[in-house]
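Please read the structure below before turning to the comments.
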Amino acid sequence: MANSARADPGAISRRAFLGGAAWAAGAVASPSVRAQARPRLVIVGGGAGGASLARAVVSDSAGAIAVTLVEPNARYFACFQSNYTLGGLSDFDSLLFSYDALARVGVEVVPAMASAIDRDRREVRLDDGRRLRYDRLALSPGIDLKYDSVPGWSREGADAMPHAWAGERQFQILKAQFDAVPDGGLIVIIAPPNPARCPPAPYERASMMAHALKSSGRGRTKIIILDPKPKFPKQGLFQEGWEVRYPGMIEWMAPDISDGIQSVDPKTGTVVTGFETYARADLVNVIPAQWAGTIARAAGLADAVGWCPVEPRTFASRMDRNLFVIGDAAFAGDMPKSAFAAHNQAQAVAAALRTEWLGRDDRPSGYANVCWSAIAGDDVVKESSRYAISDGKIRETEIQLSQTGEPADLRRQQRAEQAAWYAAMTGGVFR
């Protein structure tokens with residue numbers, strides 16, 4: 001995928017996706033690998049990064065590499081696509097994927113929680129007491145939320161003021177509360193500081209809420225976005241779309257306007273800022289500050305700010321070269337925390353393992369990311385980026401961004417592009 005994406009990161013077809021996501025068809029393990037016990041790759045986390053890596057390695061190694069995927073959830077929930085479901089553009093079942101297909105192609109799927117890593121023994125400890133030995137370990141643990149980053153909010157308070165930034169259950173809570181918002185009601189979205197998972201997603205969420213509200217006759221509802229950042233991704237595109245499609249419905253407040261969030265009260269649905277108090281809101285969506293998943297931090301793989309620095313060509317941890325970290329938990333230079341990026345990073349790790357265990361060196365020299373954001377059902381904007389490795393870092397070398405005032409047929413085409421990529425990515429990994 002990295003090679004085809006570098007040619008045109010916005011043009012995604014199933015054929016191109018699968019051609020880049022899998023290793024070369026018919027690859028045969030080198031004699032040195034076949035002559036010894038199979039090396040074992042253990043992957044912790046079955047999201048877009050971890051599941052992509054498992055599929056890539058097991059599909060190409062012709063049985064020469066044992067792949068174990070540790071994932072506590074019985075099915076994968078595609079959170080990064082959930083705004084479309086919130087907006088009524090897709091159904092809930094389209095977000096859910098079984099791990100059965102990975103098991104059928106030879107991945108050992110272990111339905112357990114990884115509780116600790118013993119880096120000296122090269123073992124992953126599971127919450128049921130088992131230990132898994134590994135030759136190489138790849139972590140794709142996603143994010144953890146900083147529950148104390150919003151005064152008055154907590155893990156318990158997330159049931160009343162959902163984040164819906166991870167997990168199927170949280171999305172269901174958000175969706176139920178959103179469906180109950182009356183016409184003329186009040187929704188408050190608290191956006192996260194940088195860095196965070198899927199940077200444009202809070203603003204896409206507001207757009208999809210407004211789309212669903214307007215479509216269901218609740219167009220008098222107000223959506224307030226309280227942001228700790230002075231600007232946000234695709235800001236001009238979103239604000240143009242809000243003005244044209246949802247006049248008076250969405251109000252974005254920068255920190256110099258809101259004067260910051262003073263407190264929230266999940267019991268009463270109240271949000272207090274330095275500028276105004278929003279009392280008894282019908283829905284408060286708190287998206288807090290974030291950092292790398294617990295297991296990565298506990299294993300000593302995170303830096304002082306809570307993310308995992310990695311080598312740019314292999315995504316090996318800078319803290320332990322025997323481990324890889326991919327996806328949202330990784331600090332990957334200029335690459336954002338997105339499902340597209342996580343899949344791209346999985347291919348880099350797969351290439352590193354090909355070099356080590358199969359004697360083939362075809363590691364990528366650069367990466368790509370494409371981020372589509374829906375403003376309405378037929379109005380999708382896009383940002384395509386390419387990245388190169390320079391001076392030991394992943395740096396953005398090219399960016400193509402949708403422009404304000406674009407023709408409607410182009411925006412519709414970009415919606416079709418996004419749908420094709422989603423089908424190709426999930427189909428290539430989970431089908």
Given the ring of [Y], does [X] sit roughly above its face, with NZ or CZ under 6.0 Å from the centre of the six-membered ring and within 45° of the axis?
X      : Y      : answer
Lys231 : Trp252 : no
Arg297 : Trp291 : yes
Arg104 : Phe430 : no

Test item: Ser317 side-chain N/O and Leu301 main-chain N/O as donor-acceptor pair under 3.5 Å: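 Answer holds: no.
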**Study point:** Side chain Gln345, main chain Gly327, donor-acceptor under 3.5 Å
**Key:**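 Pair found, side chain donor or acceptor close to backbone of Gly327.
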Any chance the side chains of [X] and [Y] put a donor and an acceptor closer than 3.5 Å?
X      : Y      : result
Lys234 : Ser373 : yes
Glu108 : Thr68  : yes
Ser385 : Asn369 : no
Arg119 : Asn322 : no

Say you draw a straight line from CZ of Arg354 to CD1 of Ile65; how long is it, rounded to the nearest 0.5 Å?
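Atom-to-atom, Arg354:CZ and Ile65:CD1 are 9.5 Å apart.
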(Q) Classify the ring geometry of Phe238 against Tyr203: parallel below 30°, tilted from 30° to 60°, perpendicular beyond 60°. (A)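 The arrangement is tilted - the two ring planes meet at 30° to 60°.
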Please state whether the rings of Phe77 and Phe171 are parallel, tilted or perpendicular, taking 30° and 60° as the class boundaries.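 Aromatic pair Phe77/Phe171 classed tilted.
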| request: Go through Gln414 and Arg411 one step at a time and tell me if the side chain to side chain donor-acceptor pair (under 3.5 Å) criterion holds. | output: CA-CA 5 Å; Gln414 288 168 177; Arg411 297 290 179 87; 5.8 Å; no
Measure the shortest side-chain to side-chain distance between Ile143 and Trp165 over non-hydrogen atoms and say whether it is less than 4.5 angstrom.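 The answer is yes; the side chains approach within 4.5 Å.
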Between Asp128 and Arg130, does the salt bridge (charged side-chain N to carboxylate O under 4.0 Å, His left out) criterion hold? Intermediate values first, please. CA-CA 6 Å; Asp128 60 11; Arg130 286 179 292 168; 2.8 Å; yes
>> Let's go through Leu102 and Leu69 carefully: what are the C-alpha distance in whole Å and the side-chain angles of both, what is the deciding distance for side chain to side chain contact (heavy atoms under 4.5 Å, CB included) to 0.1 Å, and is it a yes or a no?
In response: CA-CA 9 Å; Leu102 287 175; Leu69 177 66; 3.9 Å; yes
